[in-house]
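Inspection log for the structure reproduced underneath, given as structure tokens.
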Amino acid sequence: MSNTLSKYLNILTYVMIGLTAIFVIMFYLGGEIPNQAHTTPVYTDLLINWAKVLFIASAALSILFPIVQIVVNPKGALKGLMGLVVLGLVVLVSYSMSDATLLDLPGYTGTDNNPASLQFADTVLYTMYILGIGTVASIVVTEIIRRLR
């Protein structure tokens, strides 16, 4: 990877981390919507939409980079395909753990309390949990191995 591209990717990473931090701060410190049945922060929709953008970008790049790797380095294609297979297995396990039971939400009249939406939300949450725990575990293991060498 060229230094220029690496520089731009680093800048993009810092911008995305900064935006995420700003949105989280706005979510927690931005106040609440008045006259709601439950505590509802003002910037909930903004944070959820940002999470959707990050999720879609991550999913698209997780699919795109192995395809590019296959074209550029056909012999190393197996590693890229293994990454896709592992990601697919994580989503499959998350889907099997998810629940579509309707929630009892007094005062809620929206249309999002349906089995498909609830199962999708559970799948995304479980996927995030598994990938997050895997990320932290790989960082810890990598540091331990590095210290032992």
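All figures in this text were calculated on a predicted structure; none of them were measured in a lab. Note that the numbering runs from 1 along the sequence shown for the chain.
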**Asked** So which heavy atom on Thr142 is nearest to which on Ser138, and how close?
**Response** OG1-O, 2.6 Å

**Asked** Are Val90 and Ser94 close enough that some pair of their side-chain heavy atoms sits under 4.5 Å apart?
**Response** yes

**Asked** With a cutoff of under 4.5 Å between side-chain heavy atoms, which Ile, Leu, Val, Met, Phe, Trp and Tyr residues group with Ile145?
**Response** Val141

**Request:** May I ask you to test the Tyr129-Leu125 pair for a side-chain heavy-atom distance under 4.5 Å?
**Result:** yes

**Asked** Applying the 4.5 Å side-chain criterion to the ILVMFWY set and letting contacts propagate, would Val53 and Leu12 be lumped into a single cluster?
**Response** yes

**Request:** Measure the shortest side-chain to side-chain distance between Thr44 and Ile33 over non-hydrogen atoms and say whether it is less than 4.5 angstrom.
**Result:** no

**Prompt:** Would Val72 and Leu61 show up in the same hydrophobic cluster when neighbours are defined by side-chain heavy atoms closer than 4.5 Å?
**Reply:** yes

**Complete:** On a heavy-atom basis, the closest approach of Tyr126 and Met97 is CE1-O, 3.5 Å

**Message:** Rounded at 0.5 Å granularity, tell me how far OG1 in Thr123 sits from CG in Leu92.
**Reply:** 9.5 Å

**Prompt:** Should Phe120 and Ser117 count as side-chain neighbours, where that means a heavy-atom distance under 4.5 Å?
**Reply:** no

**Prompt:** Mind checking whether Ile11 and Leu9 sit in one hydrophobic cluster, side chains of I, L, V, M, F, W, Y counted as touching below 4.5 Å?
**Reply:** no

**Asked** Going through the checks in order, is the side-chain contact (heavy atoms from CB on, under 4.5 Å) test met by Leu102 and Leu118?
**Response** CA-CA 7 Å; Leu102 294 179; Leu118 296 172; 4.1 Å; yes

**Request:** Measure the shortest side-chain to side-chain distance between Trp50 and Thr20 over non-hydrogen atoms and say whether it is less than 4.5 angstrom.
**Result:** yes

**Asked** Between Met16 and Leu54, which heavy-atom pair has the shortest distance, and what is it?
**Response** CE-CD2, 3.1 Å

**Message:** For the OH atom of Tyr28 and the CG atom of Leu47, what is their distance to the nearest 0.5 Å?
**Reply:** 8.0 Å

**Side-chain heavy-atom pair Val140, Glu143 within 4.5 angstrom cut-off** = no

**Flag if over 12 foreign heavy atoms under 6.0 Å of OH, Tyr95** = no

**Sequence neighbours excluded, every pair satisfying salt bridge (Lys or Arg N to Asp or Glu O under 4.0 Å) that has a member inside residues 101-122** = none

**Message:** Tell me if a side-chain donor or acceptor on Asn113 pairs with a main-chain N or O of Gly110 at a distance below 3.5 Å.
**Reply:** no

**Request:** Please answer: with hydrophobic residues joined when any side-chain heavy atoms are less than 4.5 Å apart, are Leu46 and Val15 in the same cluster?
**Result:** yes

**Message:** Show the nearest heavy-atom pair for residues Leu87 and Leu131, with the distance to one decimal.
**Reply:** CD1-CD1, 4.3 Å

**Asked** Are Ile56 and Ile48 in one and the same hydrophobic cluster, where Ile, Leu, Val, Met, Phe, Trp and Tyr link if side-chain heavy atoms are under 4.5 Å apart?
**Response** no

**Message:** Please find the pair of heavy atoms, one from Met26 and one from Tyr43, that lie closest to each other, and give the distance.
**Reply:** O-CD1, 3.2 Å

